[in-house]
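Scroll down for the structure; my scribbles are underneath it.
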Amino acid sequence: MMTIEDYIERNAATYPDQIAVVCDSEKCTYQELHERVKKKTIELEEAHFHEGQIVCLRAIPSISFLVEYFALHMIGCVVAPLEKDLPESSFQKISNELCSHNVPKSSADVLYTTGTTGQSKGVIISHQTIIADAENLIDGQGFTHELAFVVNGPLNHIGSLSKIYPVIMIGATIIIVDGLKDLNKFFDAFNYPAPKMATFLVPASIRILIQFGAERLSSLSTKMDFIETGAAAISRSDMMTLCQLLPNTRLYNTYASTETGIISTYNYNNGKCEAGCLGRPMKNSQIMITDKGLIACKGKTLMSGYVGDPERTASVLKEGFIYTSDIGFLDNEGMLHLTGREDDVINVGGFKVAPTEVEDAVLSFPDVKDCVCVPVDHIITGKAIKLLVVMKDGKDLNRKALALYLKSKLAPYKIPLLYSQVEKVERTFNGKINRKYYTANNLPSRC
């Protein structure tokens with residue numbers, strides 16, 4: 001089986017002058033990329049990196065990150081890409097923990113995700129999974145050699161990282177943009193002289209572009225080959241608006257997760273625009289609906305397991321199927337439809353946030369007695385985090401001070417947007433937070 005790194009070498013011979021990666025003003029052809037990866041491989045070997053070693057790497061949106069990522073694979077290392085802004089203490093904690101674990105020989109990456117339980121999990125991804133995901137996307141969405149794909153999300157998440165693979169396989173071009181913080185920079189990326197352009201956008205990003213860049217988005221109608229979305233549910237109103245703005249563009253809603261890989265996809269710019277529809281399973285994947293109405297997936301794209309946690313692995317990976325917490329059904333045409341989730345995780349613009357992690361950080365702040373995180377509706381991100389805080393007697397909540405404190409403890413998307421001081425936190429008889437109480441009691445729903 002060829003690896004992604006083998007495809008880089010093949011493309012260096014087949015398309016040596018084809019631009020492989022663009023980031024800001026820096027460009028790199030396939031020949032240059034191959035040479036940089038080979039040089040970095042030698043440097044890492046001289047620094048005593050070795051086969052089987054798990055290496056944490058900050059996912060900085062740059063060509064240098066990709067070079068080091070591929071070079072570590074060449075040595076036989078397993079890469080754990082971590083959020084670029086992760087506090088150093090958290091980075092070192094994960095790195096030290098991974099050193100104590102072994103992973104299967106075929107492993108390529110460990111990707112961290114909060115998953116369906118909201119607890120941080122290291123998902124082991126094999127080289128086979130990388131290739132199978134790439135094949136699924138090429139076959140399911142029509143990636144072609146003349147395509148330039150704009151990657152604008154974090155490279156430690158499957159949503160963006162998985163788009164690198166098919167682009168490399170077919171010898172197309174990757175354009176790296178650091179999120180949507182600068183809309184001008186995002187739109188400028190589409191000035192690249194390619195006959196076809198494509199990108200991946202989480203629903204929250206689509207909402208931003210619709211609200212603040214609709215006219216510029218519409219101007220790309222003849223050049224935008226396709227847009228994929230995933231990671232969270234996209235509203236039908238946003239789907240319809242995007243169809244109107246980009247009538248000539250294929251618009252895909254994809255079912256995927258770190259554990260399952262890329263499973264199915266649906267072009268909703270087909271005149272039907274079915275919300276919740278995620279299409280048929282792709283070539284390397286199968287879908288089954290359990291007796292409880294939950295989605296189970298099978299095929300070459302599945303994870304190998306959770307690093308250092310065989311019990312948790314066994315709880316979801318059974319007889320070749322990954323059993324998810326997603327509720328769905330297959331229609332008469334074999335199309336998957338997603339209708340909900342079983343868990344309490346708060347999905348903020350495609351990022352899954354464990355409320356317990358946020359609450360633990362808040363409780364370490366001076367004078368906080370108790371707290372609870374609750375989801376509220378948000379016009380941009382779909383959901384946002386509202387923090388309800390019980391202060392110690394005689395103390396008042398200083399919202400600004402608490403928010404600044406949490407920035408040193410948590411990733412940016414995990415920091416609550418709204419803060420409110422309350423008298424008590426509702427708990428069940430055994431002391432657990434009664435999250436259903438807050439769901440049922442209609443907290444303020446607009447931000």
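When reading the values below, keep in mind they use all heavy atoms of this one structure, side chains included, and skip hydrogens, waters and symmetry mates.
Looking at Ser219 and Phe187, their side chains never come closer than 4.5 Å, going by heavy atoms from C-beta outward. No side-chain heavy atom of Cys277 sits under 4.5 Å from any side-chain heavy atom of Tyr268. Side-chain contact check for Pro81 versus Leu155: every heavy-atom pair is 4.5 Å or farther apart. Proximity of Ile327 to Leu294: side-chain heavy atoms (C-beta onward) are separated by under 4.5 Å at one or more points. In this structure, the side chains of Val67 and Lys39 stay at 4.5 Å or more apart for every pair of heavy atoms. Looking only at side-chain heavy atoms (C-beta outward), Met169 and Ile4 come within less than 4.5 Å of each other. Side-chain contact check for Tyr413 versus Val353: some heavy-atom pair is nearer than 4.5 Å. Residues Tyr255 and Tyr266 fail the side-chain proximity criterion, which asks for heavy atoms closer than 4.5 Å.
Looking at every heavy atom in both residues, Lys386 comes nearest to Ser420 through CE-CB, 3.9 Å. Taking each heavy atom of Gly153 and Ser160 in turn, the nearest pair found is CA-OG, 3.1 Å. Pairing each heavy atom of Leu302 with each of Cys297, the nearest pair is CD1-O, 3.6 Å. Closest of all the heavy-atom pairs between Met197 and Leu147 is C-CD1, 3.8 Å. Residue Ser264 comes nearest to Met282 through the heavy atom pair C-CE, 3.5 Å, listed as atom of the first residue, atom of the second, then distance. Taking each heavy atom of Gly320 and Lys298 in turn, the nearest pair found is O-CG, 3.2 Å.
Remark: the backbone N or O of Ser106 is not paired with any side-chain donor or acceptor of Ser126 at under 3.5 angstrom. Within the 3.5 Å criterion, the main-chain N or O of Glu26 finds no donor-acceptor partner in the side chain of Asp24. No donor-acceptor pair under 3.5 Å is formed between the side chain of Arg58 and the backbone N or O of Phe65. Using a distance-only test at 3.5 Å, with no hydrogens or angles considered, a donor-acceptor pair links the side chain of Thr313 to the main chain of Asp309. The main-chain N or O of Ala256 is never found under 3.5 Å from a side-chain atom of Thr254 such that the two would form a donor-acceptor pair. In this structure, the side chain of Asn248 does not engage the main chain of Thr222 through any donor-acceptor pair within 3.5 Å. Judged purely by atom type and a 3.5 angstrom limit, Asp85 has no side-chain atom pairing as donor or acceptor with the backbone of Pro412. Using modelled atom types, one side-chain atom of Asn136 and one backbone atom of Asn284 make a donor-acceptor pair closer than 3.5 Å. Without hydrogens or angle criteria, Asn11 side chain to Ile168 main chain gives a donor-acceptor distance under 3.5 Å. At distances below 3.5 Å, at least one donor-acceptor pair connects side-chain atoms of Thr41 with backbone N or O atoms of Val37.
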Subject >> From CA spacing to verdict: side chain to side chain donor-acceptor pair (under 3.5 Å), Thr3, Asp6 >> reply: CA-CA 5 Å; Thr3 65; Asp6 292 328; 3.3 Å; yes
Subject >> side chain to side chain contact (heavy atoms under 4.5 Å, CB included) assessment of Leu66 paired with Ile176 >> reply: CA-CA 11 Å; Leu66 291 181; Ile176 299 174; 3.9 Å; yes
Subject >> Working for side chain to side chain donor-acceptor pair (under 3.5 Å), residues Glu311 and Tyr306 >> reply: CA-CA 9 Å; Glu311 290 185 5; Tyr306 294 118; over 6 Å; no
**OP:** Take Met303 and Thr129 through the side chain to side chain contact (heavy atoms under 4.5 Å, CB included) test and state the conclusion after the steps.
**Re:** CA-CA 7 Å; Met303 70 170 184; Thr129 289; over 6 Å; no
**OP:** May I have the step-by-step check of side chain to side chain contact (heavy atoms under 4.5 Å, CB included) for Asp225 and Arg250, ending in yes or no?
**Re:** CA-CA 6 Å; Asp225 189 29; Arg250 288 174 286 127; 2.7 Å; yes
**OP:** With side chain to side chain donor-acceptor pair (under 3.5 Å) as the test, would you mind laying out the steps for Ser218 and Ser221 before giving the verdict?
**Re:** CA-CA 5 Å; Ser218 181; Ser221 181; over 6 Å; no
Subject >> Asp109/Ile130 under side chain to side chain contact (heavy atoms under 4.5 Å, CB included): CA gap, chis, key distance, verdict >> reply: CA-CA 9 Å; Asp109 295 340; Ile130 288 175; 4.1 Å; yes
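Taking CD1 of Ile174 as the reference point, atom SG of Cys28 lies at 10.0 Å (rounded to 0.5 Å). Here the straight-line distance linking atom OG of Ser162 with atom CG of Asp133 works out to 6.5 Å at 0.5 Å rounding. Leu72 contributes atom CG, which lies 6.5 Å from atom CZ of Phe49 (distance to the nearest 0.5 angstrom). Separating the CG atom in Leu57 from the CG atom in Leu82 is a distance of 8.0 Å, to the nearest 0.5 Å. The CD atom of Glu32 sits 7.0 Å away from the CD1 atom of Ile19 when rounded to the nearest 0.5 Å. Here CG of Leu242 is found 9.0 Å from OG1 of Thr229. Values are rounded to the nearest 0.5 Å.
When the ring-ring contact (aromatic ring centres under 6.0 Å, His included) test is applied to Phe190, the partners found at least two apart in sequence or on another chain are Phe186. The ring-ring contact (aromatic ring centres under 6.0 Å, His included) check on Tyr15 picks up His145, with sequence neighbours excluded. Contacts of Glu9 classified as side-chain hydrogen bond (donor to acceptor under 3.5 Å, both in side chains), with partners at least two apart in sequence or in another chain: none. Partners of Tyr405 according to the ring-ring contact (aromatic ring centres under 6.0 Å, His included) rule, which considers only residues two or more places apart in sequence or in another chain, are Phe365.
More than 12 heavy atoms of other residues, nucleotides or ligands sit less than 6.0 Å from atom CE of Met288. For Lys223, the NZ atom is densely surrounded, since the number of other residues' heavy atoms within 6.0 Å is greater than 12.
Ring-plane geometry between His73 and His127 is classed as perpendicular, the angle between the planes exceeding 60 degrees on a 0 to 90 degree scale with a lower cut at 30. Using the six-membered ring where Trp is involved, Tyr252 and Phe226 have ring planes that are perpendicular, over 60° apart on the 30 and 60° scheme.
Applying the side-chain hydrogen bond (donor to acceptor under 3.5 Å, both in side chains) test to residues at least two apart or on different chains, the pairs with a partner in residues 90-101 are Glu88-Gln92. Every pair passing side-chain hydrogen bond (donor to acceptor under 3.5 Å, both in side chains) that includes a residue from residues 189-201 is listed here, sequence neighbours excluded: Asn152-Thr199.
Paired with Leu245 under the rule side chain to side chain contact (heavy atoms under 4.5 Å, CB included), one option of Leu209, Leu251, Leu217 passes, and it is Leu217.
Taking a cutoff of 4.0 Å between a charged side-chain nitrogen and a carboxylate oxygen, Lys40 and Glu43 qualify as a salt bridge. At a threshold of 4.0 Å, the pair Glu228-Lys163 counts as salt-bridged, since one of the basic side-chain nitrogens sits closer than that to a carboxylate oxygen.
A distance of 6.0 Å or more separates the ring centres of Tyr30 and His34.
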